[in-house]
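Everything below concerns the one structure shown next.
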Amino acid sequence: MKKLFSLLLACMMLFLTACNQTPPNETTTGNLQNQEQPQNSELKDTIIRNGHREFIDLPSRILFECIVPEGEEYTFYYSKADRKAYVYCFDPLCDHSGKCLANPRDDKNIFHSELRSTFFINNRFYVVADYGQIFSMAFDGTDIRIEYSEESYMPQKLNYNLWSQNYRAYGKYIYIPTNVDENEKYNLLRFNTETKEMENLTEKTGNYMYPSFFYNGKIYGSDIRGLNWFKADLEMKNMESIEELPVSNQFYGSVFFDCAYERIDSKTDKYLGIETYDMKTGETKLITNEMLELEANRYTIVAVDENYLYFYQYKKIPIGTYIDYKGIERKIYNTNEGKLYRVKHDGTECTLIYDNSNFEFVSLEAVISGDQIIIEGRDISVQDGNVVYNHGIKIGTIGPDGKIDKFENIELVY
């Protein structure tokens with residue numbers, strides 16, 4: 001994402017006149033697994049870990065990027081009201097090919113850095129660029145602003161990225177770890193989205209950590225190598241060493257959920273089940289393979305809601321054959337059997353809710369929206385001796401019995 005200052009200013013003017021149909025405001029509530037921290041909120045006993053995601057889950061919409069059948073890639077938002085996905089552009093006359101908010105390949109697009117660098121704070125999107133700039137815009141793409149920039153950070157003067165991409169947001173703040181500076185030192189910056197002030201917390205306190213998540217008004221993270229763990233107040237004034245924490249991308253409330261395994265040797269892991277770690281109590285529990293009534297395989301937890309974990313297992317199985325370009329018969333494999341399970345947080349009532357060996361889950365993340373589950377996947381078939389994949393963002397309906405009959409391509413409107 002290498003935007004020049006002058007090009008961005010031109011882009012701002014184009015957006016102000018193009019995508020100009022304003023949707024309603026958004027505020028964020030509920031579980032903070034895929035969405036952003038509410039402004040000035042300190043939710044007790046709630047893990048806040050954002051960044052590194054495939055979806056941005058807002059109360060009325062879900063943002064994601066998707067390749068359409070014509071081969072073009074656009075940013076879409078899924079409307080929870082009518083259950084359709086609309087291209088992220090509010091100009092009915094736009095063809096989305098050039099300077100359009102929905103076109104992620106336009107290097108002047110504010111979403112070009114992917115959604116992992118995007119935060120939704122006080123009803124505005126903030127995008128952090130690794131060369132030292134921060135942009136923001138209104139929900140509909142209007143009112144694009146350069147929130148932070150220094151002349152010395154302009155990309156034409158750099159041959160490396162100034163900032164790491166491990167950004168985290170808490171309340172009105174965005175925490176930004178830097179790459180090594182001219183003094184061979186790492187720094188942790190903090191940007192205040194209200195005052196537009198950028199603080200160098202390491203310079204002020206002498207403390208540094210690579211931020212991982214927030215809990216009860218504290219920052220938790222590690223050193224740059226991930227070998228030593230710390231927690232600190234939000235200003236980094238008081239930092240203390242702690243034991244390494246079993247952090248994962250899936251959590252609910254105060255509890256992390258992850259695959260549990262033992263390392264046998266450099267090439268072999270023994271999979272034990274699903275591990276839970278509660279930040280509130282410090283207690284670790286194991287949901288064993290026996291409790292789940294499943295064979296030992298690697299678990300990929302894709303979503304957690306108020307009641308359940310949703311997961312699949314890595315298990316490579318042959319599902320058919322095809323003839324390659326040399327005329328040799330080859331096997332087609334599914335890496336997770338096309339099976340999706342759900343289980344209660346305490347490890348009870350593990351249920352196979354979807355089973356289709358000709359469907360493969362390819363995403364590490366899903367979103368639960370009411371009785372809908374949204375995930376990236378693909379149908380696999382053989383036609384005229386060739387393997388055919390129907391790849392895309394899929395949506396399934398969870399029935400009253402907890403089962404999903406089918407996953408279909410999400411309806412795209414563009």
Side-chain angles (χ1 to χ4, degrees), residues 27-53 116-128 130 132 134 136 147-148 162-179 181 185-224 226 228-249 251-256 277-282:
T27 56
T28 54
T29 57
N31 184 32
L32 300 172
Q33 178 169 333
N34 301 83
Q35 64 191 33
E36 300 313 328
Q37 165 75 359
Q39 183 75 343
N40 295 325
S41 172
E42 291 195 17
L43 299 179
K44 184 173 175 54
D45 300 329
T46 300
I47 296 165
I48 297 169
R49 188 169 197 249
N50 39 44
H52 300 285
R53 59 196 174 271
R116 64 196 174 111
S117 301
T118 304
F119 302 96
F120 194 67
I121 302 170
N122 198 22
N123 211 43
R124 289 185 68 83
F125 287 109
Y126 287 81
V127 179
V128 185
D130 55 16
I134 299 174
S136 79
E147 298 285 359
Y148 178 79
L162 284 165
W163 295 347
S164 164
Q165 295 186 347
N166 187 50
Y167 314 126
R168 293 287 185 262
Y170 184 86
K172 62 185 177 182
Y173 296 110
I174 301 174
Y175 288 79
I176 303 168
T178 70
N179 289 325
D181 63 17
K185 188 175 182 180
Y186 294 97
N187 295 273
L188 182 61
L189 310 180
R190 184 176 72 171
F191 180 71
N192 187 326
T193 58
E194 292 182 355
T195 65
K196 318 306 178 187
E197 178 187 8
M198 180 70 79
E199 301 174 272
N200 187 326
L201 299 181
T202 300
E203 191 176 77
K204 286 185 173 183
T205 66
N207 294 324
Y208 172 82
M209 76 166 71
Y210 208 61
S212 178
F213 67 97
F214 302 87
Y215 181 74
N216 284 351
K218 299 287 186 181
I219 313 172
Y220 291 78
S222 67
D223 60 24
I224 197 68
N228 300 295
W229 275 76
F230 311 95
K231 74 174 180 179
D233 58 273
L234 298 178
E235 287 74 33
M236 291 289 291
K237 293 178 180 178
N238 299 300
M239 188 173 78
E240 60 182 284
S241 297
I242 60 173
E243 294 293 322
E244 181 178 357
L245 297 174
V247 176
S248 70
N249 289 327
F251 51 87
Y252 194 91
S254 63
V255 182
F256 285 109
Y277 176 76
D278 193 336
M279 287 291 298
K280 184 177 181 179
T281 64

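Between K172 atom NZ and R190 atom CZ the span is 8.0 Å, to the nearest 0.5 Å. One finds the CG atom of N187 at 11.0 Å from the CG atom of L162 (value rounded to the nearest 0.5 Å). With rounding to the nearest 0.5 angstrom, the CG atom of L201 is 11.5 Å from the CE atom of M239. Rounding to the nearest 0.5 Å places OG1 of T118 at 7.5 Å from CZ of F125. Distance check: I48 CD1 to K218 NZ gives 14.0 Å after rounding to the nearest 0.5 Å.
Without hydrogens or angle criteria, T193 side chain to Y173 main chain gives no donor-acceptor distance under 3.5 Å. Between the side chain of R168 and the backbone N or O of R49, no donor-acceptor pair lies under 3.5 Å. A donor-acceptor pair under 3.5 Å is absent between the side-chain atoms of S117 and the main chain of V127, judged by distance alone. Side-chain N or O atoms of N166 include one that pairs as donor or acceptor with a backbone N or O of P211 at under 3.5 Å. A donor-acceptor pair under 3.5 Å is formed between the side chain of Y175 and the backbone N or O of L234.
The side chain to side chain donor-acceptor pair (under 3.5 Å) search around Y210 returns S164, not counting sequence neighbours. Looking at residues two or more places apart in sequence or on another chain, you find a side chain to side chain contact (heavy atoms under 4.5 Å, CB included) between S241 and F230. Every residue two or more places apart in sequence or in another chain was checked for a salt bridge (charged side-chain N to carboxylate O under 4.0 Å, His left out) with K185, and none qualifies. Residues that satisfy the salt bridge (charged side-chain N to carboxylate O under 4.0 Å, His left out) test with K204, not counting sequence neighbours, are E199. Every side chain to side chain contact (heavy atoms under 4.5 Å, CB included) that E203 has, sequence neighbours left out, goes to N200. Shown here are the side chain to side chain donor-acceptor pair (under 3.5 Å) partners of D223, two or more places apart in sequence or in another chain: N228.
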Step-by-step side-chain contact (heavy atoms from CB on, under 4.5 Å) determination, N216 to M279 | CA-CA 10 Å; N216 284 351; M279 287 291 298; over 6 Å; no

Test I219 against Y170 for side-chain contact (heavy atoms from CB on, under 4.5 Å), laying out the working first.
-> CA-CA 9 Å; I219 313 172; Y170 184 86; over 6 Å; no

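Between D130 and Y167, the closest heavy-atom pair is CA-OH, 3.3 Å. Residues Y148 and F191 approach most closely at CB-CE1, 3.8 Å, considering heavy atoms. Across all non-hydrogen atoms, the minimal contact from K237 to N207 is O-ND2, 3.5 Å. Pairing each heavy atom of T178 with each of Y186, the nearest pair is O-CD2, 3.3 Å. The heavy-atom pair separating I134 from M198 by the smallest distance is CD1-CE, 3.9 Å. A pairwise comparison of heavy atoms in P177 and Y208 identifies CB-OH, 3.7 Å as the closest pair.
Other residues, nucleotides and ligands contribute over 12 non-hydrogen atoms within 6.0 Å of the NZ atom of K196.
A ring-centre distance under 6.0 Å is not found for Y126 and F119.
No side-chain heavy atom of V247 sits less than 4.5 Å from a side-chain heavy atom of Y220.
At a cut-off of 3.5 Å, with distance as the only test, no side-chain donor of S254 or D45 sits close to an acceptor on the other residue.
Between F251 and F256, the ring planes are perpendicular. Angles over 60° get that label, and only those under 30° would be called parallel.
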